[in-house]
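Here is the structure we will look at, set down as C-alpha cells.
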Amino acid sequence: MKFITKVSPNNRDKDHSTHGIMAELAVGLMVVFVFSMVFYFQEYGMDYVIHGVGLMAVSIITALVTEAGFALATRKKVGYHIKNSFPLVTAIILTLTVPMSTSFFAIGVASFFAIFFGKLVFGGFGHNIFNPAGVGRMVIFSSLVGSTVADVTTSATPVSSMANAGWLIKDAAVTEQFLEQFGGLTNLLLGWYPGALGETSALLIILVGIYLAYRKVLDWKVPVVYVGAVFIFTAVIALANGVGMWYPSFHVLSGGLMFGAVFMATDPVTNPTTITGRIIYAIGLAVLTVVIRLQSSLPGGVVYAILIMNMVSPLLDKLTDGWSIYALKKYNISIAAAFVLGLVLTFFAGNGLEPKAIEFPGEDGGLKIFSDSTTDLPEVLEETEDGSIVTFVLSAPGYYAQEGGDNNKIEVKINKDTNAVESVAILEVNDTPGLGDRIDDPSFLDQFKGITSEDENASVDAVSGATISSTSVTKAVRIAFEELNK
C-alpha cells in the first residue's frame, strides 16, 4: 500500500489567523473609504462627508445589532459570536459599493439582508454560499433604488453613460468627448470623480490589493485573472469593431470591477479552495461581467457575476479536487478550455453592437441639454399657443422604448417672448416602475425652469439610476426649442 503525505493547514500563525486577516482587510477597506471622503469633502463639502460617514455608521450598527439579535435568539454568547462572525467587514464592503445618494433607510435594510439572509441563515461565517455584501447590494438595486437622498447631487457614472451609448463608441471625436466628461482614462485610474463610495480609485485599490496579497490576506490569482480576462475579452471586441485600446481599459477601470476583483471575488468562503478552481472561477467572473454589461440593463455586472459564480464554486471544487501535481495536464486543459469558451461567448456578446445617441454632461456634471445627437430623438405630437406661452407635447423614447416598449409623453411649455422654459411635465411615463418613472419627480423637472435656448452649457442632474429616462426629457426640451425657433 502506498501512502502519500500531505501537509495540513495546521501551522498556526498569529499574523495570519482569521482574526488577523480580517483586521488587515478592514484596514485596507477603510483606506479606500477615507480616500472617498477626502474627494467628497474637496468637491462637494462637509455635508457629503457627514452623510458618507453616516452611511457607514448605519451599516455597521445594523450589522452588529443583527448579529447580536441572532446570538440571543440562538442562545450564544453575544460577544464571542460577534467576534467570530466579522460583521464589520461585511458592513464596510457593502457601504463602499453604494452611491453617496443612498438613504440611511436603504443601507440599513440592505445591511440586515446582507448579514441575516446572506450569512446567518446558512449557518454563519464560513458556511454562507453567497458573498453577504453582494446580497445587500442587490437588495438596494432590486428593491430600494428609489430610496435616495434628494439633496445629494448625483450624476451619470461611467458605466451608466457607456450603457446609454450602447456599450460601443466608434467615432474618435465622440470617444474623446465621452471620456473627457470623466477626466479621461487617467482620471478613471485615479478615481477623482463621483460614483459608488469605494469603487472609483482603481489605482488605490490596486495598491491596497498588492499589500494584502503580500500579507497573504487574499489570493492574488483571482483578481489578476479576473481583470486580465476582462481586458483580453473586451480587447478582442474592440479589435472586431474597429475601436482603440481605450475600450478594454475603460471596462477595467469603471463600474467597480477593480473593487469587486480585490475585495469581493477573493472572499475565501465563497470562492473555490483549489487553485485550478479559483482560476476557472475568475474566468467565469470575467465572462459574466462582460456579457451582462453588453447584453443586459444591469449596472456594471460585477456583483451579479460574483453572486452567480458563488453558486458554481462548490461544483468547481468537486471537479478540481485533488493535488494538481498529479493531474497538471488535465487542469491546464480545463483552464484553457474555460478561457477559449469565454472568449467565444464574449465575442458573440459584443458582435453586432451599435452606438447610440449620447447626451454629454454640461460643465458642472449634469446632463447637457443641447447636443449634436440626431438619432432616437423625440417627436412633436402637438403644438398649441396661448398668448406668449407655447406648449409642446412630445413622444420621447426612454429606457423602456429601447426594449420595444412605448415612449414617454412629455409636455414642455416655453415663453416665446423670453425664449425660456416655463415648465416641464410628464403626461405619460412608460419606464420601469420605481426607477425610470421617477423622472416625474418635481425636484428633477423644476431644474428646467428658466433655461433658454442660448444656454449652451445648461445642465440638469439626472435621476439616480435612471440616466436614459432622464435623457429622454432633456432631448424633449431641446427638440421643443428647435421647433419653436424654426
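Side-chain atoms are counted along with the backbone in the values below, which use heavy atoms only and exclude waters and symmetry mates.
- Partner Tyr226 forms a side chain to side chain contact (heavy atoms under 4.5 Å, CB included) with one of Val262, Val302, Ile279, Thr266 and no other, that one being Val302.
- Under a 3.5 Å cut-off, the side chain of Ser59 and the backbone N or O of Leu55 do not form any donor-acceptor pair.
- Taking all atoms of both residues into account, the shortest heavy-atom contact from Ile93 to Phe263 is CD1-O, 3.7 Å.
- Interatomic distance, Phe130 CZ to Met309 CE, rounded to the nearest 0.5 Å: 12.5 Å.
- In this structure, Gln447 contributes its side chain and Phe444 its backbone to a donor-acceptor pair below 3.5 Å.
- The CG atom of Leu345 lies 11.5 Å from the CD atom of Gln295; values are rounded to the nearest 0.5 Å.
- The two residues Gly277 and Pro272 come nearest to each other via the heavy atoms O-CG, 3.5 Å.
- The distance from the CG atom of Leu203 to the CG atom of Leu207 is 4.5 Å, given to the nearest 0.5 Å.
- Residue Leu253 holds its CG atom at 11.5 Å from OG1 of Thr200, rounded to the nearest 0.5 Å.
- Heavy atoms of other residues, nucleotides or ligands lying less than 6.0 angstrom from CD of Glu43 number more than 12.
- Between the side chain of His51 and the backbone N or O of Thr102 there is at least one donor-acceptor pair closer than 3.5 Å.
- Between Leu353 and Asn241, the shortest heavy-atom distance links the atoms O-OD1, 4.3 Å.
- No side-chain donor from either of Asn131 and Thr270 sits under 3.5 Å from a side-chain acceptor of the other.
- Listed here is the closest heavy atom pair of Val89 and Ala26: CG2-CB, 4.3 Å.
- Shown here for Met37 and Leu197, the closest heavy-atom pair between the two residues is CE-CD2, 4.1 Å.
- Sorted by first and then second residue, the ring-ring contact (aromatic ring centres under 6.0 Å, His included) pairs with a member in residues 276-296 form an empty list; sequence neighbours excluded.
- The local environment of CZ in Phe231 is crowded, with over 12 non-hydrogen atoms from other residues, nucleotides or ligands closer than 6.0 Å.
- Between Lys221 and Arg278 the shortest side-chain heavy-atom distance does not fall below 4.5 Å.
- Separation of the Phe182 and Phe250 ring centroids does not fall under the 6.0 Å cut-off.
- Using cut-offs of 30° and 60° on the angle between ring planes, the pair Phe125 and Phe86 is perpendicular.
- Using a 3.5 Å distance cut-off with no hydrogens or angles, the side chains of Tyr331 and Thr274 do not pair a donor with an acceptor.
- Put simply, the side chain of Tyr247 gets close to the backbone of Trp167: a donor and an acceptor are under 3.5 Å apart.
- Once rounded to the nearest 0.5 Å, the distance linking CZ of Phe348 with CG of Leu343 reads 10.5 Å.
- For the atom pair Ile92 CD1 and Phe33 CZ, the distance stands at 9.0 Å (nearest 0.5 Å).
- Contact between Tyr40 and Gly195 at its shortest, heavy atoms only, is OH-O, 3.2 Å.
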